[in-house]
Protein chains: 2
Amino acid sequence: MGWEQELGEADRMWRTYIEMAKHLNSHLQQHLQRECDLSAADFEVLVRLTESERREMPVAEVAAATQWEKSRLSHQLTRMAQRGLVERVDSDDRRYPDVRLTDKGYAAISKAVPEHTEMVHALFVDVLGPERLAGFAQACADVLRALDRHRKRDCTL
Amino acid sequence: MGWEQELGEADRMWRTYIEMAKHLNSHLQQHLQRECDLSAADFEVLVRLTESERREMPVAEVAAATQWEKSRLSHQLTRMAQRGLVERVDSDDRRYPDVRLTDKGYAAISKAVPEHTEMVHALFVDVLGPERLAGFAQACADVLRALDRHRKRDCTL
DNA sequence: AGCGCCAGGTTGATACGTCAAGCAATGAGT
DNA sequence: ACTCATTGCTTGACGTATCAACCTGGCGCT
């Protein structure tokens, strides 16, 4: 066939990264699901909500924090509300309802965060050690900047 | 609330990684979809198929390469067959049908791979440069090993 | 040969993500 | 004050992922 056998060093390294990301992700996700009965999406929303003092914030704020589409968030909140993890609250301006963390939701995230953090440390932070971790993060930040630049160019086209 | 404000260095670096992975992924995926009308799943299956001389291999082999569930693969192949990218072929043993890359599928992947590779270089490989890339890949490999060890322990429990 | 077993694949039900269209409440223009 | 444009949220439809149940054809056993 041709091109696909000629994988250079760089491409093999790219594949290593892809593999790592895939496995790490699925491992963390499965753990969260098994131990805490939370999907990754549930977890993310709950974490964002705890970042407010009042366990409550406008939907738009959650949307901004998660960078999700509004419709995705809306569906997600509906499902989470059905399971009693959050509840929708009408704020003073009826257009922009708030979301509040219920006690059940708070209990769930309180259990999940330490477990998740422990897992992240065991599988990632401690594996790399401080210096390599710093280098890794720096690399990620650089890639992020490159992405931003690229995106800006695409938008202005 | 407490714990979530006390994000250490390490946790912020973890978040940086998560952000990077998310954005990089979605950027590559969108590009593939827009330019080549292929989903990430399509792309992966097609790449695996080109790794065979005959553009054809047993379903099980694709499953092993992609590490997907058999049902996911089956659905995916059905959809790809409907779109004419692949076709199912009965092999000598009727239990284990083969999948073959059609001409259309070959054309699609032939267009997609160079574009994708170019993107990966622009956004990742070239951003890091050779030495940092090597360090990065080494880190990924180490995390992968840690994951394997962890998984082994889980299985033997 | 007839019997059940089993590995692997397919199918169907359900949950999730995305897109496009709809809806509701405010604020600006007249 | 009435209309309407805007903004953000919700809804519905469709494509995809996952889980469990179910075929199906080859294999060993008696």
Side-chain angles (χ1 to χ4, degrees), chain A residues 22-23 25-34 37-46 48-49 56-100, chain B residues 21-23 25-34 36-46 48-49 56-100:
Chain A
K22 196 166 66 176
H23 286 269
N25 224 350
S26 80
H27 192 94
L28 288 171
Q29 223 161 297
Q30 282 171 16
H31 177 82
L32 219 50
Q33 188 70 62
R34 269 206 326 268
D37 195 39
L38 292 176
S39 72
D42 298 333
F43 184 80
E44 173 135 20
V45 169
L46 292 177
R48 301 306 183 175
L49 279 177
E56 176 178 339
M57 60 172 68
V59 172
E61 211 165 305
V62 184
T66 56
Q67 308 242 57
W68 290 357
E69 302 215 353
K70 53 192 182 169
S71 73
R72 175 182 177 187
L73 182 56
S74 190
H75 285 302
Q76 179 71 31
L77 291 177
T78 304
R79 291 184 297 253
M80 291 177 75
Q82 277 167 1
R83 295 169 51 206
L85 295 171
V86 301
E87 55 189 358
R88 294 186 204 260
V89 178
D90 277 1
S91 67
D92 40 355
D93 188 333
R94 291 258 177 75
R95 277 176 301 181
Y96 317 135
D98 281 13
V99 198
R100 178 153 58 188
Chain B
K22 195 166 66 178
H23 286 269
N25 224 347
S26 79
H27 192 94
L28 289 170
Q29 222 162 299
Q30 282 171 15
H31 178 82
L32 219 50
Q33 187 70 62
R34 269 205 327 267
C36 310
D37 195 39
L38 292 177
S39 71
D42 297 334
F43 184 80
E44 173 137 19
V45 169
L46 293 178
R48 300 307 182 173
L49 279 176
E56 176 178 338
M57 60 171 70
V59 172
E61 210 166 307
V62 184
T66 57
Q67 308 242 61
W68 288 358
E69 303 215 354
K70 52 190 185 172
S71 74
R72 176 182 180 188
L73 182 55
S74 188
H75 284 302
Q76 179 70 32
L77 291 177
T78 303
R79 292 186 296 254
M80 290 177 76
Q82 276 166 2
R83 294 169 52 206
L85 296 171
V86 301
E87 56 190 356
R88 293 186 206 260
V89 179
D90 277 2
S91 66
D92 41 355
D93 187 334
R94 291 258 178 75
R95 281 177 298 182
Y96 318 135
D98 281 11
V99 198
R100 178 153 57 190

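A note on names: the letters A, B, ... follow the listed sequences, proteins ahead of strands, and every chain is numbered from 1.
As a whole-Å value, the separation of B/Asp90 CG from D/dT24 C1' is 12 Å. Note: CG (A/Leu38) to C1' (C/dC16) measures 16 Å, nearest angstrom. Atom CG of B/Asp92 and atom P of C/dG8 are 15 Å apart (whole Å). Taking atom NZ of residue A/Lys70 and atom C1' of nucleotide C/dA21, one finds them 10 Å apart after rounding to whole Å. C/dC16 atom P lies 11 Å from atom CH2 of A/Trp68, rounded to whole Å. To the nearest angstrom, P of D/dA17 lies 15 Å from CG of A/Asn25. Per the geometry, CG belonging to A/Leu73 stands 11 Å off C1' belonging to D/dT10, to the nearest Å. Protein atom CE of A/Met80 is 14 Å distant from nucleotide atom P of D/dT10, rounded to whole Å.
Here the CZ atom belonging to A/Arg83 is positioned 4.5 Å from the CG atom belonging to A/Asp42, to the nearest 0.5 angstrom. Note: A/Lys22 NZ to B/Gln67 CD = 6.0 Å, rounded to the nearest 0.5 Å. Residue A/Leu49 holds its CG atom at 7.0 Å from CE of A/Met80, rounded to the nearest 0.5 Å. Atom NE2 of residue B/His75 and atom CG of residue B/Leu73 lie 10.5 Å apart, to the nearest 0.5 angstrom.
Both B/Tyr96 and B/Ser39 lie near DNA chain D, and the one whose nearest nucleotide falls closer to the 5' end is B/Ser39.
Among the nucleotides D/dG25, D/dA17, C/dG17, the one closest to the side chain of B/Arg79 is D/dA17. In the set C/dG8, D/dG25, D/dT11, the nucleotide with an atom closest to the side chain of B/Ala60 is C/dG8. Considering only the side chain of A/Arg72, C/dG17 comes nearest among D/dC9, C/dG17, C/dG8. The side chain of A/His75 lies closest to C/dT18, out of D/dT10, C/dG8, C/dT18. For B/Asp93, taking side-chain heavy atoms from C-beta onward, the closest of the listed nucleotides C/dG17, D/dG26, D/dG12 is D/dG26. Closest to the A/Ser71 side chain, of the nucleotides C/dG9, D/dT10, D/dG8, is D/dT10. With D/dC19, C/dG17, D/dC9 as the choices, the nucleotide that has an atom nearest any side-chain atom of B/Glu69 turns out to be D/dC19. The side chain of B/Pro97 sits closest to C/dG9 out of C/dA13, C/dC19, C/dG9.
Applying the 4.0 Å criterion to OP1 and OP2 of D/dT16, one finds that B/Gln76 has every side-chain N and O outside that range. Between A/Arg95 and C/dC23 there is no side-chain N or O to OP1 or OP2 distance below 4.0 Å.
When heavy atoms are screened at a 4.0 angstrom cut-off, B/Arg94 is found touching the sugar-phosphate backbone but no base atom.
Between A/Tyr96 and A/Ser91, the closest heavy-atom pair is O-OG, 2.9 Å.
For the residue pair B/Gln82 / B/Arg79, no side-chain donor-acceptor distance below 3.5 Å is found, with atom types taken as modelled.
Within the 3.5 Å criterion, the main-chain N or O of A/Ser74 finds a donor-acceptor partner in the side chain of A/Thr78.
Atom CZ of A/Arg94 sits in a sparse spot, with 12 or fewer heavy atoms from other residues, nucleotides or ligands closer than 6.0 Å.
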Query - Pair pattern of DNA chain C in dot-bracket, where unpaired bases get dots and | marks partners in another strand, Watson-Crick or G-U under 3.5 angstrom - result: ||||||||||||||||||||||||||||||
